[in-house]
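Step one of this worksheet: look at the structure below.
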2 protein chains.
Amino acid sequence: MKWVKLMTNRVRRTMPLLPISIVMQLTELTARQIRYYEEHELINPARTEGNKRMFSLNDVDTLLEIKEYLDQGLNIAGIKKLYDTKEIPKNEKAEPKNLSDAELRKLLREELKHQARPFEKGGFRQSDLTRFFK
Amino acid sequence: MKWVKLMTNRVRRTMPLLPISIVMQLTELTARQIRYYEEHELINPARTEGNKRMFSLNDVDTLLEIKEYLDQGLNIAGIKKLYDTKEIPKNEKAEPKNLSDAELRKLLREELKHQARPFEKGGFRQSDLTRFFK
DNA sequence: ATTTTAATGTAAGAAAACATAACATGTTGT
DNA sequence: ACAACATGTTATGTTTTCTTACATTAAAAT
């Protein structure tokens, strides 16, 4: 059952949750910029069935990085080279990748349920999604 | 500076990030159900300028709770009574609430920056939003 | 000093996602 | 059988996001 931990860990950071409007607020980038960076393959946000971009927390991280790099004077090409050079997460390809989105979300919820949280100052919630984001 | 910790802690759980489509997936509730629960004041999702609902992680938690309670045979009225009875988080009102959304997001980003993360198996990110969700 | 190029701004038109409202349906309790 | 509750469904309008194309601005190259 070790892989479940690894899995949910990866899932919660890679699950596409955020629409572009929120990412704009979080990163203070314009939609144009975000799409431009995608065009140049610095990010690869998921798409809904209707073709709308959906971003993961990892995507947001990357965008914040890109912003910093640009501030530091790098250009897109340089940043891309940086990313291309980064060692590819080897574990990534070893993991069972053939899980549907639905299955992954179910996984998340399941672990939610089974990790009963004792109490909390302000109430007595039974479940808490936020535990999956660190 | 202690309140910043408290603040970001509260912020990351109450910041409206998720559109209803994602919440539907996360909770396996229909849009109709979610709106119905809001109508009966079990949740109170934020709204965009254009009136679209935006949900926080706390909202998702609450929805998962509601689902469980309904499964357990409670009805809306019962659940509402439960929530109304819950002690109101006293600290809530003591905290400086007069911060704009923009300021709160800035706060988040700032703390991101200053908490430089050493390294990571798969790369060398400089910032990481996910740290704000636990 | 022009001219390119890179990054971003802006506008138009179409489609997706979401809103409210009204009516329909299936369950449960009386 | 009826009433109330929870949810489904459909219609219609608005907001958000998409792609594409052209404009602008600043830096780099000529």
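Keep in mind it's a predicted model, so treat the numbers as computed, not measured.
Dashed line: the shortest gap from a side-chain N or O of B:Arg35 to OP1 or OP2 of D:dG8 is not under 4.0 Å. Side-chain nitrogen and oxygen atoms of B:Tyr36 include none within less than 4.0 Å of the OP1 or OP2 phosphate oxygen of D:dC5. Using a 4.0 Å cut-off, some side-chain N or O of B:Arg47 falls inside it from OP1 or OP2 of C:dT20.
Where A:Thr48 and A:Leu70 each meet DNA chain C at their nearest nucleotide, the meeting point lying more 5' is that of A:Leu70. Place A:Leu74 and A:Asn51 on DNA chain C by their nearest nucleotides, and A:Leu74 ends up nearer the 5' end. Map A:Met54 and B:Gly50 each onto its nearest nucleotide of DNA chain D; the residue landing nearer the 5' end is B:Gly50.
Separating the CD1 atom of B:Ile20 from the C1' atom of C:dT20 is a distance of 12 Å, rounded to the nearest angstrom. Atom CD of B:Gln33 and atom C1' of D:dC5 are 13 Å apart (whole Å). What separates CG of A:Asn75 from P of C:dT4 is a distance of 20 Å, to the nearest Å. Taking atom CZ on A:Arg32 and atom P on C:dA11, their separation rounds to 14 Å, with Å as the unit. When rounded to the nearest whole Å, the span between CD of A:Glu38 and P of D:dT20 equals 12 Å. A straight line from CD1 of B:Ile79 to P of D:dA6 spans 8 Å, rounded to a whole angstrom. Remark: C1' of C:dT8 and CE of A:Met24 are 13 Å apart, rounded to the nearest angstrom. Straight-line distance from the CG atom of B:Asp71 to the P atom of D:dA6: 14 Å, rounded to whole Å.
Using modelled atom types, no side-chain atom of A:Asp84 and backbone atom of A:Lys81 make a donor-acceptor pair closer than 3.5 Å.
Summarising the geometry of A:Leu74 relative to A:Gly78, their closest heavy-atom pair is CD1-C, 4.5 Å, with the distance given to 0.1 Å. The two residues B:Pro16 and A:Ile22 come nearest to each other via the heavy atoms O-CD1, 3.5 Å.
In this model, no donor atom of one side chain and acceptor atom of the other lie less than 3.5 Å apart for A:Thr62 and A:Asp59.
Candidate nucleotides C:dA7, D:dT17, D:dT14 were compared by shortest atom distance to the side chain of B:Lys52, and D:dT14 ranks first.
The residue A:Arg53 sits close only to the backbone: its heavy atoms come under 4.0 Å of sugar-phosphate atoms, none of a base.
Within a 6.0 Å sphere centred on CD of B:Glu39, heavy atoms belonging to other residues, nucleotides or ligands number more than 12.
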